[in-house]
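Report on the following structure.
Note that these values count all heavy atoms, side chains included, but never hydrogens, waters or copies made by symmetry. Below, chains carry the letters A, B, ... as their sequence lines are ordered, and counting in each starts from 1.
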Amino acid sequence: MVALSQKFSTSSLKFIPKQFCQYHLQQIQFQTTQPFIPFSQLQNQRNLLESHLISTLNGCTSLAQIKQTHAYVIRKGLDQCCYILTKLVRILTKMGIPMDNYAKLVFDQVEYPNPFLWTALIRGYALQGHVKKSVCVYSCMREEGSLPVSFTFSALFKACCTVLDVNLGRQIHTQTILIGGFSSDLYVNNSLIDMYVKLGFLGCARKVFDELPEKDLISWTELIVAYAELGDMESAGELFDKLPIKDMVAWTAMVTGYAQNAKPREALEFFERMQNEGVETDEVTLVGVISACAQLGAAKYANWVRGIAENSGFDPTRCVVVGSALIDMYSKCGSVEDAYKVFEAMEERNVFSYSSMIAGFAMHGCAFAAFELFHEMLKTGIKPNRVTFIGVLTACSHTGMVEQGRQIFASMEEEFGVSPAVDHYACMVDLLGRAGCLEEALNLAETMPLEPNGGVWGALLGACRTYGNPDIAQIAANHLFELEPNAIGNYILLSNIYASAGRWNDVSTVRKLMREKGLRKNPACSWLEAKKGVIHEFFAGDMTNPRSGQMKQELEDLLNRLKALGYQPNMSSVAYDVNDEEKRRLLMAHSEKLALAFGLLTISADWPIKIMKNLRICEDCHLFMCGVSQITGRVIIVRDNLRFHHFQAGKCSCGNFW
DNA sequence: CTAGGGTTAG
């Protein structure tokens with residue numbers, strides 16, 4: 001342990017050599033007037049007092065209460081009782097009272113700290129982020145000849161995770177081997193596995209796991225999660241299948257793993273299996289399932305999972321995590337109203353609930369609601385975090401509120417101490433770009449203090465598409481081709497920008513580049529959600545639907561009625577160099593138009609037409625939908641890969657910023 | 001004392 005204690009200066013922690021404590025003698029009084037009490041009974045009384053004090057400490061909710069209880073502990077002569085003091089230190093840690101302010105002082109008064117008290121101090125420093133001090137206390141503990149216990153090491157490994165120090169972790173790992181007796185200790189080894197996993201050393205974790213003579217559910221689950229986090233659901237599933245007994249946590253790890261790897265259907269399948277096996281569901285499981293439903297974006301699943309949440313005792317009004325997850329889900333399923341209903345009914349709200357709701361409003365173009373909520377949040381004293389600001393900034397950019405956006409951006413650091421990350425710069429570039437300030441957006445991207453990422457250049461490229469600026473587009477695209485050489489969308493966007501500008505030579509250059517890279521265009525696809533939740537799929541130009549004939553006729557009728565009102569097909573939305581007749585034909589075969597026609601033919605007028613699209617809605621379709629909502633009086637909701645558009649009475653909620 | 005968790009982007 002010499003290496004460790006040399007490495008971490010002990011100057012901040014002085015361990016006074018223990019002398020026979022004077023307190024001790026003062027406390028012992030001979031009360032001859034008292035009747036003789038047998039020793040066993042005395043011991044009993046002491047035990048009663050101790051357990052009474054422990055429960056009093058457990059019930060403490062403020063520092064004042066703790067101090068009061070502590071004074072009582074001293075009065076009762078229990079100031080050397082490690083059992084009680086360990087509890088005291090743990091409560092102080094939990095309340096976030098800095099170790100040096102209180103816990104350390106208590107500790108220094110104790111003459112013979114037992115391993116548990118040492119460990120409580122180590123753990124306290126570790127949890128409060130003072131890893132060096134925590135290791136230093138460990139060194140002192142060893143020098144004083146005290147032997148560590150299992151959770152001394154768990155605390156230390158946790159600490160290594162928080163400071164991302166795998167070398168320190170390895171040193172402590174070595175310690176567990178040197179001291180002996182811990183090689184098959186499950187607490188120690190599970191914490192060790194967890195540390196290696198969290199620090200990205202899956203190989204080391206796997207080695208510890210494989211060498212464990214007996215593993216428990218926790219060891220297995222840790223590894224399942226590790227594979228799931230790497231996106232290797234196959235390996236995770238293999239491990240899961242090998243598990244002789246599976247508990248709720250292990251099942252949940254699989255459900256969430258699928259949800260986090262964008263496999264919502266598999267997640268739901270797993271959840272169904274889990275329920276069939278009679279495994280219980282708690283709020284963590286629900287969060288995974290809700291997130292899967294959010295990805296599916298269908299109201300049918302949204303209502304289904306909400307029912308489950310309510311029936312399983314995790315009512316969104318009382319359970320913050322479930323409520324926040326539901327807010328996000330309803331927003332993504334197209335119903336910002338339902339999301340807000342959940343939000344309103346919640347008894348407790350935190351930064352997640354507010355941020356999700358703000359992002360939900362932003363997604364649906366309700367910028368003012370987003371702003372109002374942001375200010376309400378500030379009034380309640382909940383501090384906004386980086387995610388909250390992303391929501392507020394996207395609300396600005398989706399409604400063209402440039403000035404408000406600038407102000408918010410400036411206030412982030414000044415008022416709220418949240419320094420803007422690359423993503424926030426991307427929002428600003430997006431905001432400026434959507435508002436048409438392309439030069440300024442480019443300038444920001446080139447001069448920002450952080451290294452711009454794909455988001456920054458992508459936002460700029462998108463803006464160039466809207467405003468038809470092939471020159472700036474070229475700059476943005478060149479950065480993107482370096483940062484994301486295989487992202488097909490960027491090539492298509494650039495080629496479309498060239499096409500709109502009539503620069504057909506440049507179009508073929510980009511197409512050639514795509515061919516050389518072996519990249520293929522994702523087929524455009526739209527889904528229509530029918531009244532009962534059935535999903536219909538439409539590909540661009542695909543006429544295999546049995547009602548294709550009717551759909552084509554419907555579109556032509558609409559086109560003629562719209563033309564009478566002055567609508568002109570937007571030819572620049574077609575990225576092929578073909579004649580105008582062909583362009584008109586291609587435009588009418590866009591997947592979202594097919595879905596719209598099918599929806600008009602099959603869904604009754606009292607129901608909104610809900611369409612999802614895998615790519616961004618094109619300008620012509622956007623205009624077309626506006627017109628159709630006017631002449632038919634229908635509500636049309638389109639979720640593209642970016643956000644929601646609510647078309648009603650000839651207008652779109654996005655206000656043409658998208 | 002060790003395992004599963006919600007909000008973000010072009």
Side-chain angles (χ1 to χ4, degrees), chain A residues 90 116 119-120 122-123 149-158 185-195 197 216-226 228-229 247-257 259-260 282-291 294 316 319-329 331-332 350-360 362-363 384-394 397 421-427 429-430 433-434 452-463 465 476 480 484 487 489-490 493 616 641-643 658:
Chain A
R90 293 183 66 95
F116 299 95
T119 301
I122 292 172
R123 180 174 170 274
V149 290
S150 313
F151 34 99
T152 316
F153 291 118
S154 348
L156 287 166
F157 289 137
K158 253 254 136 82
D185 184 301
L186 279 171
Y187 286 134
V188 171
N189 282 291
N190 285 341
S191 309
L192 188 52
I193 292 173
D194 187 49
M195 179 195 72
V197 167
D216 66 359
L217 248 173
I218 297 179
S219 338
W220 284 91
T221 311
E222 277 175 331
L223 229 57
I224 289 173
V225 171
E229 276 174 2
D247 70 349
M248 180 173 68
V249 179
W251 278 98
T252 305
M254 290 300 290
V255 172
T256 333
Q260 288 170 345
D282 73 355
E283 79 273 25
V284 186
T285 321
L286 279 172
V287 161
V289 182
I290 294 172
S291 144
C319 186
V320 201
V321 261
V322 170
S324 306
L326 283 175
I327 291 172
D328 173 56
M329 179 192 72
S331 305
K332 286 181 181 158
N350 62 11
V351 64
F352 284 93
S353 343
Y354 274 99
S355 304
S356 304
M357 196 61 243
I358 291 173
M363 209 186 290
N385 64 15
R386 22 174 312 165
V387 183
T388 320
F389 283 109
I390 301 243
V392 181
L393 289 174
T394 43
S397 76
V422 191
D423 300 333
H424 298 104
Y425 279 95
C427 285
V429 169
D430 190 45
R434 276 176 209 273
N453 64 3
V456 174
W457 295 116
L460 187 58
L461 188 64
R465 167 81 181 122
L480 280 168
E484 310 170 336
N490 299 328
L493 212 45
R616 200 161 98 140
N641 60 346
L642 265 179
R643 54 166 295 164
W658 87 89

Could you tell me whether [X] contacts a base, only the sugar-phosphate backbone, or nothing, with contacts defined as non-hydrogen atoms closer than 4.0 Å?
X	value
A/Asn453	nothing
A/Val320	base
A/Asp328	sugar-phosphate
A/Thr285	base
A/Asn641	nothing
A/Leu480	base
A/Arg90	sugar-phosphate
A/Val387	base
A/Val249	base
A/Met254	nothing
A/Gly391	nothing
A/Glu229	nothing
A/Asp282	base

Nearest-0.5 Å distance, [atom1] of residue [X] to [atom2] of residue [Y]:
X	Y	atom1	atom2	value
A/Asn490	A/Trp457	CG	CH2	12.5 Å
A/Ser324	A/Met357	OG	CE	11.0 Å
A/Asp194	A/Ser154	CG	OG	10.0 Å

Non-neighbouring partners of A/Asp216 that pass side-chain hydrogen bond (donor to acceptor under 3.5 Å, both in side chains), sequence neighbours left out:
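Listed in chain order: A/Asn190, A/Ser219.
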Check: A/Phe116 ring centre within less than 6.0 Å of A/Phe151 ring centre
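Ring centroids of A/Phe116 and A/Phe151 are less than 6.0 Å from each other.
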Identify the 5'-most and 3'-most nucleotides of DNA chain B with at least one atom closer than 4.0 Å to a non-hydrogen atom of chain A.
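Result: B/dC1 to B/dG10.
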Might you work through the side-chain contact (heavy atoms from CB on, under 4.5 Å) test for A/Asn189 and A/Leu192, ending with a clear yes or no?
CA-CA 5 Å; A/Asn189 282 291; A/Leu192 188 52; 4.2 Å; yes
Please work out whether the ring planes of A/Phe389 and A/His424 are parallel, tilted or perpendicular, with thresholds of 30° and 60°.
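If you compare the ring of A/Phe389 with that of A/His424, the planes turn out perpendicular.
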